[in-house]
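Each chain gets a letter, A, B and so on, in the order its sequence line appears, and its residues count up from 1. These numbers come from the heavy atoms of this one structure, side chains and all, not from hydrogens, waters or symmetry mates.
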Amino acid sequence: MSSEAAAGVPSATIAGFAERHPTVVFLVRRTARMIVALVVLLVLSFSMIHLVPGDPVRAQLGPRAPASLVEQRQAELGLDQPLPQQFADYVKGLFTGDLGMSSSSDLPVSDVIGQRLPHSAALAGIAFVVIMLLSITIGMAAAILTRDGRGRGTELTFTTTTGFFATIPEFVLGVGLVYLFGVELQVLPVAYEPGVAAYILPVAALSIGSIAALARIVRAETLDALGSDYMRTARSKRLPARLLYLRHALPNMLTSTLTLGGLLLSGLIGGTVLVENVFAWPGLGTAVVDSVVAQDYALAQAIMLLLGATVLVVNLAVDLILGVVDPRSTIKEM
Amino acid sequence: MARRGQTRAALRTPVGVVSLVIVAGLVILAIVAPIIWGEEARTTDVPHLLEGGSAEHPLGTDNLGRDLLARTLVATRLSLVLAILAVLVGAVIGVTLGALPTVLGTRASRATAALIDFTLAYPGLLLAMFLAVVLGAGPLAAILALGIASAPAFARLTQTLAASIAGSDFVAAASVLGLSRRRILLRHILPNIAEPIILNVTIAVGYALLAMSGLSFLGLGIQPPSYDWGRLLNESLDRIYVTPEAALGPCVAIVIAGLAFNGLGEALARAASTRVPRHRPQPAMAEDRPDDVTTEPDPSATSDAALVVKGLTVTFPGEDGPIVPVRGISFSVAAGERVAIVGESGSGKTLMSLAVAQLVPHPGVVTVDRLSFLGTDPNDLPSAERDRLLGTSLAMVFQDTATCLNPALRLGVQLSEVVEVHQRARRTDAVRRAVDRLRSVRLSSPERRLRQFPHELSGGMRQRVVIAVGLMGEPRLVIADEPTSSLDVTVQRQILRLLRQVGDDTGASCLFITHDIAVATDLCDRVLVMYAGRIVEDIDAASLWDGPAHPYTRALLAAVPDLETDRTVALTSIPGRPPDVAAIPPGCAFAARCSFATDRCHVEIPPLQVDAETSHRVACWHPQQGRVATITRTKVEAT
C-alpha cells in the first residue's frame with residue numbers, strides 16, 4: 001500500500017482500483033518484491049569477491065606469485081577501479097553477456113555457462129516432471145486405498161517406505177544407485193554420456209526423495225479432500241470413480257501440491273549440484289563446486305547469481321500459476 | 001514434567017524405541033570411537049594401499065593404507081559435532097530474530113518477517129558456496145552456512161510461539177505491572193516456548209547431519225586431514241568400481257544416522273501433538289447388531305410408496321464394542337408426500353438419511369431388513385443401474401452451503417455432470433437443461449452462473465444451486481438435511497418455499513431433516529420424531545399441534561418460542577441431555593428425562609405402534625393426550 005501512496009495518487013482511488021482489480025495489484029506487488037530480491041542478490045554476488053579477507057587475487061595465485069602478475073590479474077578483474085565503477089561495469093557486463101574470464105579454464109564465463117546450463121536444465125527439468133507426475137499418482141492412489149481408515153497395512157507400508165526414501169539424501173542415494181545398477185548389475189551408465197540412458201540414474205537419484213516427500217503430502221491433502229462435504233455431494237451424484245477422484249478431488253489438492261512442488265523446485269537446484277558431482281555430469285553443479293574450490297571467482301559469482309535468480313524466478317512463476325489456478329490465493333495475498 | 005511424559009509417550013512406539021537406541025549408540029560411539037580406534041584410523045600401511053574389503057580391513061584401506069572401517073567409526077564424532085554446532089548457530093540466530101518482533105515495534109517486526117521470508121527462499125547450498133568463497137572452503141563456512149540456512153525455520157517458529165504467548169493473559173498482566181519488555185521476554189516468554197524449540201533442535205540435527213555430509217562430499221565442508229562421513233565418501237567414490245565397500249560404508253553410516261534422528265524427531269513431535277494414546281477401534285461386523293436393537297413394526301406402506309425402510313440399523317466400531325446410532329428404524333414415504341424427521345443433534349437423523357442414500361462413510365455398517373426405493377431394492381441392482389437410479393431419482397440437499405459445492409469447479413460442470421454420466425446427455429443438452437433448472441430455482445442470469453465458482457455466490461444462492469443439481473435428473477425423492485440452518489432467516493424462508501414448490505412441480509417426495517419442529521410442521525405432511533436412534537412418534541403435521549402422545553414430542557413443542565412468548569422469561573428447554581450414543585440405556589432412552597417415567601420405562605423398550613386413542617404410531621408406555629399447555633400457537637406464514 002505504501003508504494004502506491006508514495007506515487008501521489010489519492011488513496012481512495014487506490015482502494016477502489018485494488019478492489020476492482022485484485023489480480024493486477026497482486027501481479028504488481030509480487031513482481032516488485034521479486035525485483036527487490038533480484039537487486040539484493042545482484043549486490044550480494046558483486047560484493048562476494050570484495051568480502052574475501054585479504055587480497056583474493058593474491059590468495060588465488062599463491063604467496064610466491066610475482067607482484068606484477070598480481071597487479072595484472074587485478075587489472076583484468078577490474079579490481080583496481082573504484083567500487084561504484086566496478087559495480088556499474090559488473091551490471092553492464094551482465095546485460096552484454098560479458099561475465100569475465102574463468103581463471104581455471106581460461107574460457108569466457110559466458111561460454112562455460114552456455115555449455116553447461118543445458119545439461120543442468122535438462123536434468124532438473126526431467127526430474128521435476130517425474131517428481132510431479134509420480135508423487136501425485138502415488139499419493140492419490142495411497143489416499144484412495146487408505147481413505148476413512150481403510151487398509152491399515154497399506155498405510156503402514158506407504159508411510160514407512162516414503163519416510164525412508166524422503167530421509168536419504170540425493171548424493172547417498174546416487175552412490176547406492178551407481179553401486180547397484182552400474183557396478184553390480186552393470187545395466188546403466190553411471191556417468192554422463194550422450195543419450196537417454198545416462199539420464200536414468202541421475203534423474204532417479206534426484207527425484208526419488210522428493211517423490212517420497214511430496215507423495216506423503218499429496219496423500220494427506222487428498223485424504224482431506226476426500227473427507228470433505230463436496231465429495232459427499234459428488235458421491236451422492238453416483239459419479240464413476242474416475243470423475244470422483246480426477247475431477248472433484250484432484251483440483252482441490254493441486255493448490256497446496258503446486259505450492260510445495262514450487263518450493264521443491266528450488267530445492268532441486270541444491271540437489272542437482274550434489275547429484276551432478278556423483279555422476280560427473282557436465283553441468284553447472286560440477287562447475288560451481290570446482291570454481292569455488294579453485295577460487296575461480298568470476299565463474300563462481302556468475303553461476304551463483306544464475307542459480308539464485310533461477311530460484312527467484314521459479315518462486316514467482318509458482319505464485320503466478322497459483323494465482324491463476326486458485327483465484328482465492330491472490331485475494332489472501334492482499 | 002510434561003517433557004518427561006512426552007518422552008515416555010514417544011518411547012512407546014517401535015520407531016521411537018529403535019530411533020532412540022540408535023541415537024544413543026551414535027552418541028556413545030562419537031565419544032569412545034576416537035579413543036578405541038583412533039590409533040588404527042591413523043596408522044598408515046604402505047604395502048596395503050587402496051585395498052578392497054578383507055578379514056583384516058572389512059571396508060578396505062584408503063590411499064595411505066589406513067583402515068576405512070576404523071575411519072568410518074571415528075568419523076562419527078566429527079559428523080555429529082559439526083551437525084550440532086550448525087544447529088546451535090541456527091537456533092541462536094533464529095530464536096533471536098524471531099523473538100525480536102515481540103519486543104520491538106510493528107515496523108521492526110515487519111522488516112524481520114520480510115527478512116525471514118527472503119532467506120527462506122534460498123537453498124542452503126547456495127549460501128554455503130557463497131560463504132565458502134568468502135571465508136574459504138572449510139568447516140567454519142559450512143557451519144555458518146547451515147546455521148544461517150536453518151535459522152529462518154527457528155525464527156518463524158519462535159515468532160509464532162512468542163506472538164501467541166505475548167497475546168496471552170499473563171503477559172498482559174506483566175505489562176500492566178510495568179515490567180520492561182526485555183524482562184517480559186526473558187522471564188515469561190522464553191521459558192514457555194523452550195519445549196517446542198528443543199524438539200525442533202532434535203529434528204534439525206538430523207537435517208544438518210545430512211546437509212553437512214553433502215557439503216563435505218562436495219569438498220566444501222571439512223578439509224583433510226580431518227574427515228567426516230561425507231569426506232570419506234568423497235575420497236572413496238572414484239574407486240566404487242574397484243572397491244565399492246569403501247564408498248558404501250560411509251553411505252550406510254549417513255543413512256542410519258539420518259533415519260535415526262528423523263525417526264526420533266518424528267516420534268517426539270507425534271508425542272507432543274497427541275498426548276492421548278489412540279486405541280484402535282474394533283471393526284464392526286454386519287452381524288454385530290446388538291440384542292437391544294429391535295426392528296420397529298412394519299409401517300403401513302402403500303403400494304406406490306417412494307421409500308420403504310424396515311429395520312434400518314447403522315453400526316460403527318467403537319473402543320468398547322459397536323456403537324449403534326441408528327437402531328432398527330422402520331418408516332415409509334408415500335409418493336409426493338413430505339415427511340419431516342425431527343430430533344436433537346445426535347439423535348441419528350442425519351446418519352439415517354445417509355444410510356437411506358447409501359452414503360454412510362467407512363467404517364459404518366448399514367443393515368436393513370427391507371429397503372425399497374421406487375419399488376426396487378437398490379442393493380439388488382447391478383452397480384451401474386443402481387448408480388443411475390440413485391443418481392437421477394434421489395436428490396440430496398445438504399446443510400452447509402459453504403462446503404457442499406466443489407470450490408474448484410465451475411457450477412456448470414457440477415450441474416451438468418449428473419445427466420452427462422447417467423443419461424449420456426450431450427454437453428449442449430446438459431448445459432441447456434442446467435440453465436433451465438437454474439431458472440426454475442429462481443436464480444438470476446443462469447447462463448452467467450454456469451461459468452461462476454461457488455465462492456462467487458451467497459449462501460442462499462448456493463443452496464438454490466444445490467437444489468438445481470438435484471433437479472437435473474428426474475428426482476422422485478429429495479432428502480434435505482437441515483437445508484436452511486446455515487442461512488439467515490429471510491433466506492431460510494425463501495429456500496423452504498422453493499423446496500415446497502419443487503415438490504409441487506415435480507411430484508417428488510421429500511424427506512426433510514430438521515431440529516426445528518415448527519419448520520417441520522409448516523413444510524411437511526407428516527412428522528417423524530427421532531430420539532437416540534429410534535423413531536418415537538410418527539404423527540400427521542396437522543394433528544401435531546392438537547396434541548402429540550410422546551412426552552418427548554410434547555417437550556419439543558413446548559420449547560418452540562412464538563410471537564406471544566414472553567421474551568423476558570428464559571426459553572423453555574428440555575431438562576437433561578440426550579444419552580451418549582455409545583451408551584444408550586436399556587428401556588426407553590428418554591425415560592431419564594421424562595416426568596411420566598415408571599420402572600417399566602427403564603427396563604422395557606416401548607414398541608412403535610398405533611396408539612388406540614390418537615390413531616398414530618407412538619413408542620411410549622404412557623402416551624399423553626391434549627394440547628401442549630404452555631404454548632399459544634401463531635402459525636408462521638411460510639409462503
Side-chain angles (χ1 to χ4, degrees), chain A residues 37 40 44 48-49 51-53 147-150 163-164 167-172 175-176 178-179 182-184 228-230 232-240 243 247-248 251-252 254 266-267 269-270 273-274 277-278 288-289 292-293 295 297 300-301 304 307-308 311-312 315 326-328, chain B residues 118 121-126 129-130 132-137 206 210-211 213-214 217-220 233 237 240-241 244 247-248 251 254-255 258-259 262-263 266 280 357 359 361-363 386-388 390-391 394 396 398 400 403-409 413 417-418 421-422 453 455 466 469:
Chain A
V40 172
L44 276 180
M48 196 160 76
I49 194 164
L51 291 172
V52 178
R147 66 187 193 279
D148 301 327
R150 286 177 174 84
F164 179 75
T167 307
I168 299 184
E170 297 93 344
F171 67 99
V172 174
V175 173
V178 165
Y179 170 69
V183 179
E184 283 294 311
S228 66
D229 283 0
Y230 57 79
R232 190 181 55 188
T233 309
R235 272 192 285 268
S236 81
K237 294 178 190 171
R238 324 290 154 171
L239 300 178
L243 288 185
R247 181 186 280 175
H248 282 268
N252 284 291
L254 224 47
S266 38
I269 290 168
V273 172
L274 283 159
N277 279 277
V278 174
V288 72
V289 172
V292 169
V293 174
Q295 292 169 319
Y297 296 117
Q301 201 177 27
M304 279 188 225
L307 294 182
V311 171
L312 289 177
N315 287 346
D326 184 2
R328 287 165 301 170
Chain B
F118 183 76
Y122 286 100
L125 191 59
L126 276 185
M129 288 190 292
F130 177 83
V133 169
V134 174
L135 302 175
L210 298 179
S213 307
F217 167 72
L218 290 177
L220 300 177
L233 183 58
L237 183 62
I240 193 161
Y241 267 102
L248 294 181
C251 277
I254 294 170
V255 169
L259 286 175
N262 278 8
E266 262 180 43
R280 182 180 295 185
L359 290 172
H362 182 87
R386 184 183 64 219
D387 286 350
R388 193 171 308 132
L390 295 174
L394 176 65
M396 301 287 292
F398 296 106
D400 193 346
T403 56
C404 70
L405 286 170
N406 195 321
L409 294 181
V413 177
E417 62 185 355
V418 180
V421 168
H422 296 300
F453 287 97
H455 69 90
V466 174
V469 169

Item to check | Note, A:V172 side chain near B:L210 side chain (heavy atom, < 4.5 Å) | outcome: no
Checklist entry - Using non-hydrogen atoms only, which part of B:V133 is less than 4.5 Å away from chain A: side chain, backbone, both, or neither? => result both
Checklist entry - Among A:V293, A:I269, A:V289, which has the most heavy-atom pairs under 4.5 Å with chain B? => result A:V289
Checklist entry - Within the distance-only criterion (no hydrogens, no angle test), does the side chain of A:T167 pair as donor or acceptor with the backbone N or O of B:G258 below 3.5 angstrom? => result no
Checklist outcome for this item: Heaviest contributor of heavy-atom pairs below 4.5 Å to chain A, chosen from B:L409, B:D400, B:L405, is B:L409
Checklist entry - Can you name the nearest heavy-atom pair linking A:R238 to B:A357, along with the distance? => result NH2-O, 2.7 Å
Next on the checklist: Please report the interatomic distance CG(B:D387) to CZ(A:R235), rounded to the nearest 0.5 Å.
Outcome noted: 12.5 Å
Checklist entry - Looking at B:L359, B:V469, B:L135, which has the largest count of heavy-atom pairs under 4.5 Å with chain A? => result B:L359
Checklist outcome for this item: Bottom line for A:F164: the part with an atom under 4.5 Å from chain B's heavy atoms is both
Checklist outcome for this item: Rounded to the nearest 0.5 Å, the CZ atom of B:F398 sits from the OG1 atom of A:T233 at a distance of 5.0 Å
Checklist entry - What residue in B:L125, B:L220, B:T403 has the most heavy-atom pairs under 4.5 Å with chain A? => result B:T403
Next on the checklist: I'd like to verify something: which residue of A:A300, A:S228, A:A234, A:G182 has the highest number of heavy-atom pairs under 4.5 Å with chain B?
Outcome noted: A:G182
Next on the checklist: Out of A:L307, A:D229, A:I168, return the one with the most heavy atom pairs under 4.5 angstrom to chain B.
Outcome noted: A:D229
Checklist outcome for this item: Scanning both residues in full, the closest heavy-atom pair of B:F130 with A:L44 reads CE1-O, 3.4 Å
Checklist entry - If you take all heavy atoms of A:M48 and B:V134, which pair is closest and at what distance? => result O-CG2, 3.8 Å
Checklist entry - Between B:I254 and chain A, which part of the residue has a heavy atom less than 4.5 Å away: side chain, backbone, both or neither? => result side chain
Next on the checklist: If I compare all heavy atoms of B:L259 with all of A:G163, which pair ends up nearest, and what's the gap?
Outcome noted: CD2-O, 4.4 Å
Item to check | Residue, of B:V421, B:V255, B:I240, that accumulates the most heavy atom pairs under 4.5 Å with chain A | outcome: B:I240
Item to check | Heavy-atom proximity to chain B below 4.5 Å, by part of A:I49 | outcome: neither
Checklist entry - Given that the side chain runs from C-beta out, which part of B:L218 has a heavy atom under 4.5 Å from chain A: side chain, backbone, both or neither? => result both
Checklist entry - Tell me, do B:N406 and A:R247 make a side-chain contact under 4.5 Å, heavy atoms counted? => result no
Next on the checklist: Can you tell me how far apart CD (B:E417) and CG (A:L243) are? Round to the nearest 0.5 Å.
Outcome noted: 6.5 Å
Checklist outcome for this item: Note: vs chain A, highest number of non-hydrogen pairs under 4.5 angstrom among B:A247, B:S213, B:G136, B:A137 is B:S213
Checklist entry - With a 4.5 angstrom heavy-atom cut-off, which part of B:L237 approaches chain A: side chain, backbone, both or neither? => result side chain
Checklist entry - For B:M129, is it the side chain, the backbone, both, or neither that has a heavy atom closer than 4.5 Å to a heavy atom of chain A? => result both
Checklist entry - Nearest heavy-atom pair of A:V175 and B:C251: which atoms, and what distance? => result CG1-SG, 3.6 Å
Next on the checklist: Less than 4.5 Å to any heavy atom of chain A: does that hold for the side chain of B:L248, its backbone, both, or neither?
Outcome noted: side chain
Checklist entry - Can you check whether A:K237's main-chain N or O pairs, donor with acceptor, with B:H422's side chain at less than 3.5 Å? => result yes
Checklist outcome for this item: Cut-off 4.5 Å, heavy atoms of chain A, and the answer for B:Y241 is both
Checklist outcome for this item: Assert top hit (heavy-atom pairs under 4.5 Å, partner chain B, pool A:Q295, A:R147, A:R150) equals A:R150
